[in-house]
Structure formats: structure tokens, C-alpha cells
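Counting starts at 1 for both ligands and their atoms, following the listed order. Just so it is clear, the model here is predicted, and its values are computed rather than measured.
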Amino acid sequence: MSSTKAYAALDTTSPLVPYTIERRDPKPHDVQIQILFCGVCHSDLHFVKNDWGMSTYPLVPGHEIVGKVTAVGDHVKKFKVGDLAGIGCLVDSCRDCDNCKEGLEQYCTNGWVGTYGGQEKDGSGATHGGYSKSILAHEDFVLKISEKLDLAAAAPLLCAGITTYSPLKHWKIGKGSRVGVLGLGGLGHMGVKIAVAMGAEVTMLSHTASKEADAKRLGAHQFVLTSDAEQVKKVTGYFDFILDTVSADHDYNSYLALLRSSGTMVCVGLPTTPAQIPMFNLVFGRKSIAGSLIGGLPETQEMLDFCAEHNIVSDIEIIAMKDINTAYERLEKSDVKYRFVIDMATL
Ligand code: NAP
Ligand code: ZN
Ligand code: ZN
């Protein structure tokens, strides 16, 4: 075991504080990573506040992890010391169920292990995330990061990137698709970039008027301010596909109205209040509403390679570890451009 510096939430209401965790020594298939940068996902904040009722404390968040390999177990084949590597939201799964065998570890029917807030399958205790100096995981759950990409800006690909890439790919978005991305935050801005790179016509649907210029700079072809009835009217019945990334409670029905017949709205945002959706809003127009969770390991590597090929990274604001609580306050106010990334040298 080795003591590792980290930042942790100790309960639902206090700010994050410096904290020391114990990491295991590398097992034969483990890759140990010195964390250089870690993105700040809104899920970290949901977890810290126990919005979803599943948090355990002490909680060390962080699942957009990039860094350098510092040690490998004897059986590791994919990595060597000095390589760049990343860890996203998963560090283990059963590898045996139908979903795992298909590379859909995020839907493991025997329960996957989250990078933080999960329980190690060997019974050794809780997992701790990337707001820390180092981490280790089985090589099957470690991703290769291209040297071509800016490392800090690549960190958010490990969650925001794959969470938006996976549904866009699954619903076969491409040339000719009319895509609406709802919410311009960490996930939303990656959704815009990736959907544009896939060839879609992309409209940013945002409740923040001041984000219009940025949305266009990120590649969106149109911007619709969701509080402006006239602008919304113009895109009623317009989209083949809407990617809903909103973190707060909102009315899904008003966005279902923006789908054309047979269109699909995929929700990746996870507000706390259950949605109320009259079936009339789906039946009239054969519309679908669906969800999607991050992505499996093979697809995450595919997304990283796609982003390297298309030169896609996140637009980031680098922060020091001690400023994490201020970053959380800004996240709550939709004031992020468009992902905070912690420089782990500051821990
Ligand atoms: P974020 O950076 O905070 O972005 C969320 C965006 O939602 C905001 O920037 C804002 O965009 C919009 N928004 C916020 N409050 C709103 C309100 N009251 N009404 C309407 N729009 C509002 O968060 P994120 O990191 O992208 O995460 C978004 C959500 O996805 C979170 O719930 C997170 O837990 C979830 N998530 C899910 C998965 C998954 O696998 N499904 C993975 C990662 C994250 P505008 O200002 O443009 O309106
Ligand atoms: Zn996340
Ligand atoms: Zn499984």
C-alpha cells in the first residue's frame, strides 16, 4: 500500500478538503498512473452532494483522468512505464456477462465498478477517483492517449467525450442528420464538436443567451435560446435527434415537441426529479425518449482515436486543486467554459 495525496468530500455539505488515501501496490495486470490532469464533471458534484442517494464518504471524485504510467504489473502487455494513459468512469466489471463480452462494460449485468464511490471486486474497499496524485487499474480499463492531443484538454474526453460520442454513434448520426444539443456545458460542448465532426447539422439549444458566439465557434450551425418562444417555434418539429445534457430539473415535453416524426431524444443529463411525460407526446409522431450511459472500453478507445484524428479536445479552464470548491459553485450556475480541469501538480 502507498499513501497518496488527494482531495475528498467527507459529507454531503462540507467543502472538499485535503485528504490522504491508501492505494494498493500494482497487481500483475495493473497499470499505475501518475495523474497529471483530471477533469471536473457535473457528476462529481452530484456525487459530492449525494444528489442520487448513492454516495459514500470519504469520497474522492474524478473520472476524467490522464497522466503518465509509472509502474506496470508483470503481466501487463498494453502499457510500459512512461506511456501516456487515461482512466474514465470504470475501473472493473465482471467481463463475463453478454454486455461485457460485447464491450459494453457500462451495462455489465453483474455490476461494474465505478472509478470512485464503487467497491473493489476483491473486497478491498471503496474506489477513489482522480482528484489525487496517482491511481491504478487493470490494464483492460486503461486507455491509450494520443501524444498529438493537448493532454490537459484531452482529459474530459474520458467522460464528456465518450458520453456524447456513444449515443451519437449508436443512433447513427451523420451527414444529413439534424441534431439538437441541449445544454452548453462540459457534455454539451463535446456533443457539438463530435456531432459536427460526424457530419451532422447541429443546433445548440441553450438557456444562456451569452453562449451564442461560443456555440458557433465550437461548430454549431445554429443557436436557439430556449427561453425565446419565437426562436423555439422555428425549430418545432425540426430535429431527428436531440441530445439532452442538462444537469438540472427541466421539462422534457417542450423539447420532445422539437423532434420531427420518428425522432429520438436521448437524455444523458441526470437531474434528480423523475420526469413527467404524457404518452401523447410520444405517440403522436412515433417519437422516442431514451437514455445512454458513458461508453464501454472499446468504444472509449475508438472515441479517443476519432478525436485524435479530427483534432478534437475540450475547451478547458485549468484550475488549482485548492480552487475546486469555487469551480463547483460556478458549475451550479452554468458558468463554465466549458470544462474545468485540475492541474494535479498543484496538489
Ligand atoms: P455542466 O457542465 O454543468 O453542463 C450542464 C448544462 O446544462 C449547463 O451548462 C447549462 O447549459 C444547462 N443547464 C444547467 N442548469 C439548467 C437549467 N436549470 N435549465 C436549463 N438548462 C440548464 O454539466 P456536465 O458535466 O456537462 O453534465 C451534465 C449532466 O450529465 C449532469 O447531470 C451529469 O451528471 C450528467 N452526466 C451523465 C453521464 C452519462 O453517462 N449519462 C456522464 C457524465 C455526466 P446552458 O447554459 O447552455 O443552458
Ligand atoms: Zn462524468
Ligand atoms: Zn459484466
Side-chain angles (χ1 to χ4, degrees), residues 38-49 51-52 61-65 88-90 92-116 121 129-130 155-167 181-192 204-212 214-215 218 220 223-227 243-252 254-255 266-273 290-297 300 314-317 327-340:
C38 183
V40 177
C41 178
H42 206 113
S43 300
D44 299 349
L45 180 54
H46 286 305
F47 254 97
V48 164
K49 295 192 309 180
D51 279 347
W52 301 327
H63 56 207
E64 294 182 335
I65 299 164
C89 304
L90 308 174
D92 207 355
S93 72
C94 85
R95 299 125 192 269
D96 195 40
C97 70
D98 288 350
N99 287 340
C100 281
K101 282 183 184 153
E102 254 191 79
L104 296 169
E105 296 88 350
Q106 77 277 33
Y107 304 122
C108 173
T109 51
N110 294 312
W112 46 270
V113 180
T115 302
Y116 62 82
K121 284 202 181 280
L157 300 179
L158 275 308
C159 177
I162 185 58
T163 302
T164 50
Y165 181 89
S166 184
V181 177
L182 179 60
L184 185 49
L187 266 54
H189 93 292
M190 291 313 307
V192 168
M204 185 68 233
L205 303 163
S206 170
H207 84 312
T208 309
S210 60
K211 291 182 182 174
E212 177 164 0
D214 280 345
L218 293 165
F223 179 90
V224 169
L225 182 62
T226 52
S227 56
L243 185 65
D244 180 343
T245 75
V246 172
S247 52
D249 294 340
H250 59 293
D251 179 18
Y252 294 87
S254 49
Y255 303 107
V266 173
C267 300
V268 288
L270 288 162
T272 46
T273 310
S292 183
L293 178 67
I294 45 174
L297 272 296
T300 304
S314 192
D315 283 32
I316 59 166
E317 201 175 316
Y328 280 171
E329 281 166 27
R330 287 183 51 195
L331 260 190
E332 298 250 48
K333 291 187 271 183
S334 307
D335 174 21
V336 49
K337 291 187 170 177
Y338 278 89
R339 198 56 142 187
F340 294 112

Smallest separation among heavy atoms of Cys94 and Lys121, with atom names: N-CE, 3.8 Å

Metal site the Zn ion (ligand 3), protein N/O/S atoms found under 2.8 Å: 4

Side-chain heavy-atom pair Phe340, Ile316 within 4.5 angstrom cut-off: no

For Asp98, side chain to side chain donor-acceptor pair (under 3.5 Å) partners two or more places apart: none

Check ion pair Glu64-Arg339 (N to O, under 4.0 angstrom): yes

Polar protein atoms (N, O or S) that approach the Zn ion (ligand 2) to under 2.8 Å: Cys41 SG, His63 NE2, Cys159 SG

Neighbouring residues of ligand 1, heavy-atom cut-off under 4.0 Å: Cys41, His42, Ser43, His46, Trp52, Cys159, Thr163, Gly183, Leu184, Gly185, Gly186, Leu187, Ser206, His207, Thr208, Lys211, Thr245, Val246, Ser247, Ala248, Val268, Gly269, Leu270, Ser292, Leu293, Ile294, Leu331, Ser334, Val336, Arg339

Closest approach of Lys211 to Ser334 (non-hydrogen atoms, all atoms of both residues): NZ-O, 3.2 Å

Side-chain touch Glu317/Val336, heavy atoms, less than 4.5 angstrom: no

Side-chain (Ser254) to main-chain (Asp251) donor-acceptor, under 3.5 angstrom: yes

From Leu270 atom CG to Trp52 atom CH2, the distance as rounded to the nearest 0.5 Å: 5.0 Å

Check: Trp112 main-chain N/O paired with Ser93 side-chain donor or acceptor under 3.5 Å: no

Close side-chain approach of Thr245 and Leu184, heavy atoms under 4.5 Å: no

Minimum heavy-atom distance between Val268 and Pro167, given as atom pair plus value: CG1-CG, 4.3 Å

Lys337 side chain near Arg330 side chain, heavy-atom distance below 4.5 Å: no

Leu297, Asn99, Thr109 screened by side-chain contact (heavy atoms from CB on, under 4.5 Å) with Leu104, the one that passes: Asn99

